Amino acid sequence: MARIPSGARAILLVSGLAFILGNCGVMRSCSALTPPATPPEAALQGHRNEAELQAYTEFAAVMSDALLKPAHRRAVGAAGLAVAALLLFASGTLVVGRRTGPWWLAQAALANLAWTVGDCVSFGAALRAHPELDRAYLRYAEAAGQLPPEAAAELARGGPGFGGIALLLYAAVSGVFALAYAFLVWRVRRPDVAEVLAARPAP
């Protein structure tokens, strides 16, 4: 049986990965534009008492204000949809064997890489501009019995609050996406990919 060229395998890999990352980009961008749906009846099912529900509602409202109201978050969300769509288009150009596919995919991956950095900076700026988010989370954690009062007092004195932990987690996820985009740029520019596409007859 004939051995599949490494360039052909690479095309399948990067086009599939680009398609997955493009869809993930659409979902991440929509989260920056759409408030979470929290119907009262659904929220009541997950909370044991009225005080916990009220603390949760206040925390969710502060979180929504912090991440959805700033103009830069809405701009980042709109830009994310555009670069995610570009990545999906670039994936399609490789699937159909366009010789310009590697160029399109490299540009789309670089655009998404730049967007990921900007999104992380925007997320951190939104959290930094709302220090009340930490206090709202502490009230909710105490009402839910997830945080002893002495631990809440220690966090309130300057320990790592909700905003700092959320930013670290968000930066870690963004770093994984950034590495994936960098891999796409590196792999699609390898000579074996161009050789496979050049060997195909022009449409």
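Keep in mind the model is a prediction, meaning the values are calculated, not measured.
- Within the structure, side-chain hydrogen bond (donor to acceptor under 3.5 Å, both in side chains) contacts touching residues 66-93 (residues at least two apart or in different chains) are D65-K69, H72-S122, R73-D119, R73-S122.
- C120 and L167 get closest at one heavy-atom pair: O-CD1, 4.2 Å.
- Taking CG of L94 as the start and CZ of F89 as the end, the distance is 10.5 Å to the nearest 0.5 Å.
- For residues 167-182, there are no salt bridge (charged side-chain N to carboxylate O under 4.0 Å, His left out) pairs, not counting sequence neighbours.
- In this structure, L168 is not a member of the same hydrophobic cluster as V121, with clusters built from ILVMFWY side-chain heavy atoms closer than 4.5 Å.
- Transitive grouping of hydrophobic side chains (ILVMFWY, heavy atoms separated by less than 4.5 Å) brings W186 and L17 into a common cluster.
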(request) Go through V14 and L105 one step at a time and tell me if the side chain to side chain contact (heavy atoms under 4.5 Å, CB included) criterion holds. (result) CA-CA 9 Å; V14 296; L105 189 59; 3.9 Å; yes
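- Between F59 atom CZ and L133 atom CG the span is 5.5 Å, to the nearest 0.5 Å.
- F123 meets the ring-ring contact (aromatic ring centres under 6.0 Å, His included) test with Y170; sequence neighbours excluded.
- When all heavy atoms of L67 and P70 are compared, the pair lying nearest together is C-CD, 4.1 Å.
- Listed by chain and number, the residues in a side-chain contact (heavy atoms from CB on, under 4.5 Å) with A66 are H130 (sequence neighbours excluded).
- By the 4.5 Å heavy-atom criterion applied to side chains, V185 and L110 are counted as neighbours.
- Annotation: the span from Q107 atom CD to W103 atom CH2 amounts to 4.5 Å, rounded to 0.5 Å.
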Show me, pair by pair, the donor-acceptor contacts under 3.5 angstrom made by side chains of residues 176-184, not counting sequence neighbours?
none

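- Looking at every heavy atom in both residues, V196 comes nearest to A8 through CG2-N, 3.6 Å.
- With rounding to the nearest 0.5 Å, the separation of CG in L81 from CZ in R28 is 12.0 Å.
- Here I165 contributes atom CD1 and L127 contributes atom CG; the two are 11.5 Å apart, rounded to the nearest 0.5 Å.
- The salt bridge (charged side-chain N to carboxylate O under 4.0 Å, His left out) pairs that include a residue from residues 168-177 number zero, where partners must be two or more places apart or lie in different chains.
- At a threshold of 4.5 Å between side-chain heavy atoms, the hydrophobic network of Ile, Leu, Val, Met, Phe, Trp and Tyr places L87 and V173 in one connected group.
- For A106, the side-chain contact (heavy atoms from CB on, under 4.5 Å) partners two or more places apart in sequence, or in a different chain, are V188, R189.
- Within the hydrophobic cluster formed by Ile, Leu, Val, Met, Phe, Trp and Tyr side chains joined at under 4.5 Å, directly or through other members, W115 is accompanied by V76, V83.
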(message) Pair I11, L197 - check side chain to side chain contact (heavy atoms under 4.5 Å, CB included), show working.
(response) CA-CA 9 Å; I11 288 174; L197 294 175; 3.8 Å; yes
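- Applying the side-chain hydrogen bond (donor to acceptor under 3.5 Å, both in side chains) rule to pairs touching residues 5-22 yields S6-D192, sequence neighbours excluded.
- Note that CD of E195 and CZ of R190 are 10.5 Å apart. Values are rounded to the nearest 0.5 Å.
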